[in-house]
Amino acid sequence: MDAMKKQAAIDALNHIMELELAGVVRYTHYSLMVYGYNRIPIVSWLKGNADESLAHAHKAGELVTLLGGHPSLKIGALLETEQHDIGDILRESLDLETTALSAYYALLKIVEGNSVLLEEYAREMIVAEELHLDEVNKMLRRPGAIEVFAAS
């Protein structure tokens with residue numbers, strides 16, 4: 001991989017790391033804001049997402065150092081919407097996962113044909129993010145609805 005592509009990959013990985021770290025904070029916050037009868041399974045799911053985001057951030061950081069780069073100390077945007085209904089939280093999660101998915105696709109575009117390791121990593125993460133999107137989308141559907149949820 002030439003120096004310019006390597007730097008672009010490092011920048012993309014640092015952006016991913018920042019997004020995933022923001023995911024840790026957001027999912028942790030969401031888990032604290034859930035109330036009602038279904039609190040326990042939803043909180044558990046949100047905490048699991050926070051743990052997974054931390055693992056994703058760590059992996060991106062490891063790849064930054066593998067390439068000889070310096071992992072970012074920044075964190076992605078943390079917008080407090082003050083909306084804590086489960087539907088609002090899930091719609092925000094959908095946006096979060098969509099943003100992460102775009103970042104992984106951007107990385108794939110940079111490294112495709114230049115690094116099998118980074119290509120496989122990007123593809124693996126794209127699969128994971130697309131499955132997360134599907135999971136959230138299904139949670140946003142009304143019981144019995146089979147059509148894909150579309151935000152109004």
Side-chain angles (χ1 to χ4, degrees), residues 8-67 69-112 117-152:
I10 290 169
D11 292 345
L13 286 162
N14 269 325
H15 177 64
I16 287 166
M17 189 174 159
E18 293 166 11
L19 289 173
E20 294 289 3
L21 288 172
V24 173
V25 173
R26 289 175 76 170
Y27 281 123
T28 299
H29 174 77
Y30 296 154
S31 75
L32 298 169
M33 299 308 300
V34 174
Y35 301 98
Y37 296 116
N38 293 320
R39 182 177 198 282
I40 292 171
I42 294 170
V43 166
S44 177
W45 180 78
L46 291 165
K47 285 180 177 180
N49 282 344
D51 292 343
E52 190 169 291
S53 288
L54 182 57
H56 291 176
H58 189 264
K59 180 67 176 177
E62 288 288 355
L63 292 171
V64 167
T65 60
L66 176 142
L67 294 172
H70 187 270
S72 175
L73 278 173
K74 297 177 187 173
I75 189 166
L78 295 172
L79 176 65
E80 172 58 77
T81 63
E82 301 290 337
Q83 304 298 313
H84 299 115
D85 173 77
I86 299 302
D88 295 325
I89 288 171
L90 290 174
R91 282 184 290 280
E92 285 181 30
S93 297
L94 202 61
D95 289 341
L96 182 65
E97 299 294 341
T98 300
T99 301
L101 180 62
S102 294
Y104 286 111
Y105 270 111
L107 174 65
L108 179 60
K109 187 175 179 182
I110 292 165
V111 301
E112 208 162 23
L117 171 72
L118 293 174
E119 272 187 57
E120 290 301 313
Y121 163 74
R123 291 178 196 283
E124 176 184 316
M125 297 311 298
I126 287 167
V127 168
E129 295 300 337
E130 286 187 356
L131 290 172
H132 279 286
L133 277 169
D134 178 59
E135 191 172 55
V136 174
N137 189 286
K138 287 176 181 171
M139 292 170 74
L140 283 164
R141 296 178 197 177
R142 289 199 173 112
I146 56 173
E147 61 277 351
V148 174
F149 172 81
S152 317

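Note: hydrogens, waters and symmetry copies are ignored here, and every other heavy atom, side chains too, is used. Numbers for residues simply follow the sequence, beginning at 1.
- Annotation: side chain of V127 is not in contact with side chain of E124 (no heavy-atom distance under 4.5 Å).
- The closest side-chain heavy-atom distance from L63 to L117 is below 4.5 Å.
- Interatomic distance, CG of L107 versus CE of M125, reported as 10.5 Å (0.5 Å rounding).
- The residues D134 and K138 are annotated as salt-bridged, a charged nitrogen and a carboxylate oxygen being separated by less than 4.0 angstrom.
- Judged by distance alone, with hydrogens and angles left aside, the side-chain atoms of N137 form no donor-acceptor pair with the main-chain N or O of V148 at under 3.5 Å.
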Anything under 3.5 Å between a donor and an acceptor, one on a side chain of residues 20-28, the other on a protein residue two or more places apart or in another chain? List them.
{"from": "E20", "atom 1": "OE1", "to": "S53", "atom 2": "OG", "distance (Å)": "3.4"}
{"from": "E20", "atom 1": "OE2", "to": "H56", "atom 2": "ND1", "distance (Å)": "3.3"}
{"from": "E20", "atom 1": "OE2", "to": "Y104", "atom 2": "OH", "distance (Å)": "2.8"}
{"from": "R26", "atom 1": "NE", "to": "Y30", "atom 2": "OH", "distance (Å)": "3.3"}
{"from": "R26", "atom 1": "NH2", "to": "Y30", "atom 2": "OH", "distance (Å)": "3.2"}
{"from": "Y27", "atom 1": "OH", "to": "E97", "atom 2": "OE2", "distance (Å)": "2.6"}
{"from": "T28", "atom 1": "OG1", "to": "V24", "atom 2": "O", "distance (Å)": "2.7"}

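- Interatomic distance, CD1 of I42 versus CD1 of I89, reported as 8.5 Å (0.5 Å rounding).
- In this structure, CD on E135 lies 7.0 Å from CG on N49, to the nearest 0.5 angstrom.
- Note: R91 CZ to L94 CG = 9.5 Å, rounded to the nearest 0.5 Å.
- Atom CG of L78 sits in a crowded spot, with more than 12 heavy atoms from other residues, nucleotides or ligands closer than 6.0 Å.
- For the residue pair G87 and D85, the shortest heavy atom distance occurs at N-OD2, 2.9 Å.
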task: Output, in order, the C-alpha distance, side-chain angles, deciding distance and verdict of side chain to side chain contact (heavy atoms under 4.5 Å, CB included) for M17 and E62.
output: CA-CA 10 Å; M17 189 174 159; E62 288 288 355; over 6 Å; no
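- The distance from atom OG of S72 to atom CD1 of I16, rounded to the nearest 0.5 Å, is 12.5 Å.
- Considering only residues two or more places apart in sequence or on other chains, E112 meets the side-chain hydrogen bond (donor to acceptor under 3.5 Å, both in side chains) condition with R123.
- Here CD1 of I86 is found 10.5 Å from CG of L140. Values are rounded to the nearest 0.5 Å.
- Put simply, the side chain of E147 does not reach to within 4.5 Å of the side chain of R142, judged on heavy atoms.
- With sequence neighbours excluded, no residue satisfies ring pair (Phe, Tyr, Trp, His ring centres under 6.0 Å) with H58.
- Between E129 and L101, the closest heavy-atom pair is CB-CD1, 3.9 Å.
- Considering all non-hydrogen atoms of both residues, T65 and P71 come closest at CG2-CG, 3.6 Å.
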message: Using the rule given for side chain to side chain contact (heavy atoms under 4.5 Å, CB included), can you reason through L118 versus L67, listing the C-alpha separation, both sets of side-chain angles and the distance that settles it, and then say yes or no?
response: CA-CA 10 Å; L118 293 174; L67 294 172; 3.9 Å; yes
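- Closest approach of A9 and I110 over heavy atoms only: N-CG2, 3.8 Å.
- Considering all non-hydrogen atoms of both residues, R39 and S31 come closest at NH2-O, 3.8 Å.
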